[in-house]
Amino acid sequence: PSASTRAHDHGREYLDEKLGDKVRIKGYQVRDKDYYGAMEQAVQEGAKLIFATTPSMIGACRRIAAQYSDVKVLNCALSLPYTGVRMYYSRLYEAKFITGAVAGAMAKEDVIGFVSNYPIMGVPACINAFALGVKLTNPRARIKLRWSCVEPQPVQELIESGVTVISNRDATNSKNPHWALEWGTYRLQEDGSLLPLVVPCWDWGKLYEKIVLSIFNGSWNSVPESRAINYWWGMKSGVIDVQLSDTLPDGVLSLAKILKQGIINGSVDPFHTRIVDQQGVERNDGSRSFSPEEIMTMDWLCD
């Protein structure tokens, strides 16, 4: 399974550990992209709540929701405004801001690599939050952005170009971060080894638990079914976190923890600052925060 699938499976295990005495939980492996078939099987076996783990399942989710009004369906996607199917996702950009601050502080040179996957909704916000985090600790630095969907070996290309601090893909679970060339943000040492710095990680189990408890306590029904619902939760909820390496200097470690606590209590907002994009257009004069819609639909890059 992919890293994303493993992350959701860790969440299933967490939910089973926390609420296994109250609910019966079963995972279904989709074969040949037969999403509807897997969900239909789940319903026939008694499922009343379905968590679909990728945006590509939305068609099957809508079909199941329309066919079975007593089944609650959620799809893991940033924003697909359909009634009948609720969305859930994490505010990954919050973790990327902290990651950027650590990367900027640990970079020996003023160029930092960032490997992204696809230019889809939500991704520019993560790139920009990382860049603003870098700017916080290293105002001279610039980001060298590479796309894994375009270049077969973006990390190797960055290393060969002389970049030593690279932000790559993220870990699947806070209890088991993957400190390796494929995961997290790290610094390439002179001997060729990797010094782990920081990695964002998901904890989908906490989101699953909150959703299930909302059904038990009745708050699920407090929102009209005619409205499109999106559970877009961040560090405050515990759904997204950062794993900090014990190799970090004390000052950098303390800064990362301060930023994390600030994001949790609302005193730190990555985008509440003056921001100019690559075309020289001022996107924020520093006097306001961006709305969730502005963050989700961001389609520009910081200068």
Side-chain angles (χ1 to χ4, degrees), residues 4 55-56 58 76-81 87-105 107 109-151 154-155 157-158 161 163 165-170 184-185 198 200 202 228 230-235 240 242 259 262-263 266-303:
S4 174
S56 57
I58 185 60
C76 185
L78 179 58
S79 181
L80 295 173
M87 304 297 139
Y88 67 99
Y89 205 69
S90 68
R91 296 184 183 235
L92 181 58
Y93 73 87
E94 293 180 350
K96 289 295 190 183
F97 177 69
I98 297 173
T99 301
V102 171
E109 59 281 305
D110 293 337
V111 178
I112 295 170
F114 189 101
V115 178
S116 193
N117 48 12
Y118 298 97
I120 58 177
M121 182 179 288
V123 170
C126 289
I127 299 170
N128 287 334
F130 178 86
L132 292 168
V134 168
K135 185 178 180 181
L136 181 70
T137 55
N138 188 348
R140 299 178 304 280
R142 292 294 179 266
I143 309 301
K144 186 171 283 192
L145 176 63
R146 294 294 178 265
W147 298 93
S148 62
C149 62
V150 175
E151 301 173 68
V155 172
E157 189 275 331
L158 287 169
S161 71
V163 177
V165 172
I166 299 171
S167 175
N168 202 355
R169 293 177 294 171
D170 308 316
T185 296
V198 56
W202 286 273
N230 184 357
Y231 300 104
W232 193 36
W233 292 344
M235 285 189 158
I240 190 74
V242 287
L259 292 176
I263 289 174
S267 63
V268 172
D269 179 346
F271 296 117
H272 195 145
T273 185
R274 184 174 184 270
I275 302 173
V276 177
D277 70 16
Q278 287 185 316
Q279 306 303 318
V281 177
E282 185 179 78
R283 297 288 181 165
N284 192 341
D285 63 5
S287 65
R288 68 184 186 93
S289 297
F290 283 151
S291 69
E293 290 75 19
E294 286 178 297
I295 296 172
M296 286 183 185
T297 60
M298 197 176 285
D299 63 352
W300 46 267
L301 295 174
C302 290
D303 62 350

Just wondering, do [Y] and [X] contact through their side chains at under 4.5 Å, heavy atoms?
{"X": "Val115", "Y": "Glu151", "result": "no"}
{"X": "Phe271", "Y": "Glu294", "result": "no"}
{"X": "Leu92", "Y": "Trp202", "result": "yes"}
{"X": "Phe290", "Y": "Asp269", "result": "no"}
{"X": "Thr297", "Y": "Met121", "result": "yes"}
{"X": "Thr273", "Y": "Lys135", "result": "no"}
{"X": "Ile143", "Y": "Ile127", "result": "no"}
{"X": "Arg91", "Y": "Ile263", "result": "no"}

**OP:** Show your reasoning for whether side chain to side chain contact (heavy atoms under 4.5 Å, CB included) applies to Trp300 and Asn128.
**Re:** CA-CA 9 Å; Trp300 46 267; Asn128 287 334; 3.6 Å; yes

Indicate the atoms forming the closest heavy-atom contact of [X] with [Y], along with that distance.
{"X": "Lys96", "Y": "Cys126", "value": "CB-O, 3.6 Å"}
{"X": "Ala107", "Y": "Val165", "value": "CA-CG2, 3.7 Å"}
{"X": "Ser148", "Y": "Asn117", "value": "OG-CA, 3.3 Å"}
{"X": "Gly113", "Y": "Leu158", "value": "CA-CD1, 4.0 Å"}
{"X": "Ala105", "Y": "Thr137", "value": "N-OG1, 3.2 Å"}
{"X": "Ile112", "Y": "Val163", "value": "C-CG1, 4.1 Å"}

**OP:** Apply side chain to side chain contact (heavy atoms under 4.5 Å, CB included) to Tyr118 and Val123, showing your working.
**Re:** CA-CA 7 Å; Tyr118 298 97; Val123 170; 5.7 Å; no

Nearest 0.5 Å, what's the [atom1]-[atom2] distance between [X] and [Y]?
{"X": "Ile58", "Y": "Cys76", "atom1": "CD1", "atom2": "SG", "result": "11.0 Å"}
{"X": "Ser287", "Y": "Arg274", "atom1": "OG", "atom2": "CZ", "result": "11.5 Å"}
{"X": "Asp303", "Y": "Glu282", "atom1": "CG", "atom2": "CD", "result": "11.0 Å"}
{"X": "Ile275", "Y": "Arg283", "atom1": "CD1", "atom2": "CZ", "result": "10.0 Å"}
{"X": "Leu78", "Y": "Ile120", "atom1": "CG", "atom2": "CD1", "result": "8.5 Å"}
{"X": "Met296", "Y": "Tyr89", "atom1": "CE", "atom2": "OH", "result": "11.0 Å"}

Original post:
Could you go step by step and tell me if Trp233 and Ser90 meet the side chain to side chain contact (heavy atoms under 4.5 Å, CB included) rule?
Top reply: CA-CA 5 Å; Trp233 292 344; Ser90 68; over 6 Å; no

Original post:
So, the side chain of Glu94 versus the backbone of Met235: is there a donor-acceptor pair under 3.5 Å, distance only?
Top reply: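 It does hold such a pair.
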
**OP:** Could you please spell out the steps behind the side chain to side chain contact (heavy atoms under 4.5 Å, CB included) verdict for Phe114 and Val134?
**Re:** CA-CA 11 Å; Phe114 189 101; Val134 168; over 6 Å; no

**OP:** Mark yes when over 12 heavy atoms from residues, nucleotides or ligands other than Gln278 sit less than 6.0 Å from its CD; otherwise mark no.
**Re:**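 More than 12 heavy atoms, drawn from other residues, nucleotides or ligands, come within 6.0 Å of this atom.
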
